Student: 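Sharing a structure with you now.
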Amino acid sequence: MKIFLAVCLLAVFFGASSAVVTRYVCEHSRISINCGNHKINVLCAAYGRSVPYSTRCAYSTTTPPDLSCIAQTSISKVNQICDGKSSCSVIAKNNVFGDPCVGTYKYLEVTYECVL
């Protein structure tokens, strides 16, 4: 998990040539990315949870969330759907990414840039 986040940070820091955007959506919601006349360059994607419910995608439960779960398929799935296109839409669901932490309410976070 920590290695994955470090790789994402390095990709964003060294790979970005223009304005980098990071957005997230809660589980069962859809993220839409539109770069107009430019192309999407996905820098990082993570489906799972790495922060408490109080910080992102609040959820009422008596069970504490698993804060160290990211689907291994996150970046490849988002790349497959979005990379190189002018717009795309991805739904944050287990049937797309798998379930990296059963019983934990998750979110999808995508970092990207719009390039020529």
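Because the structure is predicted, anything quoted here is derived from the model rather than measured.
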Student: Can you confirm whether Pro52 sits close enough to Tyr59 that some side-chain heavy atom of one is under 4.5 Å from a side-chain heavy atom of the other?
Tutor: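 Pro52 does not reach Tyr59 side chain to side chain.
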
Student: So which heavy atom on Cys88 is nearest to which on Ile40, and how close?
Tutor: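 For Cys88 versus Ile40, the nearest heavy atoms are SG-CD1, 3.8 Å.
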
Student: Heavy-atom distance under 4.5 Å between the side chains of Arg49 and Leu67, does that happen here?
Tutor: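 Yes. Closest side-chain heavy atoms under 4.5 Å.
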
Student: If you look only at pairs with a residue in residues 53-70, which of them pass as a salt bridge (charged side-chain N to carboxylate O under 4.0 Å, His left out), with sequence neighbours excluded?
Tutor: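 Those involving residues 53-70 are Arg56-Glu109.
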
Student: Does atom OH (Tyr53) have a neighbourhood of more than 12 heavy atoms from anything else shown, all under 6.0 Å?
Tutor: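 Buried by this count: over 12 neighbours within 6.0 Å.
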
Student: Any donor-acceptor pair under 3.5 Å linking the side chain of Arg23 with the backbone of Tyr112?
Tutor: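 Between the backbone of Tyr112 and the side chain of Arg23 there is no qualifying donor-acceptor contact (under 3.5 Å).
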
Student: Given side chain to side chain contact (heavy atoms under 4.5 Å, CB included), test Glu27 with Cys57 step by step and report yes or no.
Tutor: CA-CA 8 Å; Glu27 189 173 1; Cys57 294; over 6 Å; no

Student: Of all heavy-atom pairs between Lys77 and Val96, which one has the smallest distance, and what is that distance?
Tutor: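 Residues Lys77 and Val96, closest heavy atoms: CE-O, 3.3 Å.
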
Student: Write down the atom of Val102, the atom of Asp99, and the distance for their closest heavy-atom approach.
Tutor: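 The pair with the smallest heavy-atom distance is N-OD1, 3.5 Å.
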
Student: Counting distance only, does the side-chain N/O of Asp83 pair as donor-acceptor with the main-chain N or O of Val42 below 3.5 Å?
Tutor: yes

Student: Please find the pair of heavy atoms, one from Asn94 and one from Tyr47, that lie closest to each other, and give the distance.
Tutor: OD1-OH, 2.7 Å

Student: I need the full list of ring pair (Phe, Tyr, Trp, His ring centres under 6.0 Å) pairs touching residues 19-41, with sequence neighbours left out, sorted by first then second residue.
Tutor: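 Ring pair (Phe, Tyr, Trp, His ring centres under 6.0 Å) check on residues 19-41 returns no pairs.
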
Student: Answer yes or no: does atom CG of Asn37 have more than 12 heavy-atom neighbours from other residues, nucleotides or ligands under 6.0 Å?
Tutor: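 No, not enclosed.
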
Student: Check Ala92 against Cys26 and note the closest heavy-atom contact, atom names and distance.
Tutor: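 Ala92 and Cys26 have their closest heavy atoms at CB-O, 3.8 Å.
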
Student: Distance-only, no hydrogens or angles: does the Thr73 side chain make a donor-acceptor pair with backbone N or O of Phe97 under 3.5 Å?
Tutor: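 Yes.
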
Student: Could you walk me through whether Val78 and Leu108 satisfy the side chain to side chain contact (heavy atoms under 4.5 Å, CB included) test, starting with their C-alpha distance in whole Å, then the side-chain angles of each, then the deciding distance to 0.1 Å, before giving a yes or no?
Tutor: CA-CA 10 Å; Val78 175; Leu108 171 63; 4.2 Å; yes

Student: When rounded to the nearest 0.5 angstrom, what distance separates CD1 in Ile75 from CD1 in Ile70?
Tutor: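 One finds 11.5 Å between CD1 of Ile75 and CD1 of Ile70.
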
Student: Let's go through Val110 and Val90 carefully: what are the C-alpha distance in whole Å and the side-chain angles of both, what is the deciding distance for side chain to side chain contact (heavy atoms under 4.5 Å, CB included) to 0.1 Å, and is it a yes or a no?
Tutor: CA-CA 10 Å; Val110 179; Val90 184; over 6 Å; no

Student: How long is the straight-line distance from CG of Asn41 back to OG1 of Thr111, given to the nearest 0.5 Å?
Tutor: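 Interatomic distance, Thr111 OG1 to Asn41 CG, rounded to 0.5 Å: 11.0 Å.
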
Student: Check Lys39 against Ser86 and note the closest heavy-atom contact, atom names and distance.
Tutor: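 Scanning both residues completely, I find the closest heavy atoms to be CD-N, 4.3 Å.
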
Student: For Tyr105, what residues pass the side-chain hydrogen bond (donor to acceptor under 3.5 Å, both in side chains) criterion, not counting sequence neighbours?
Tutor: none

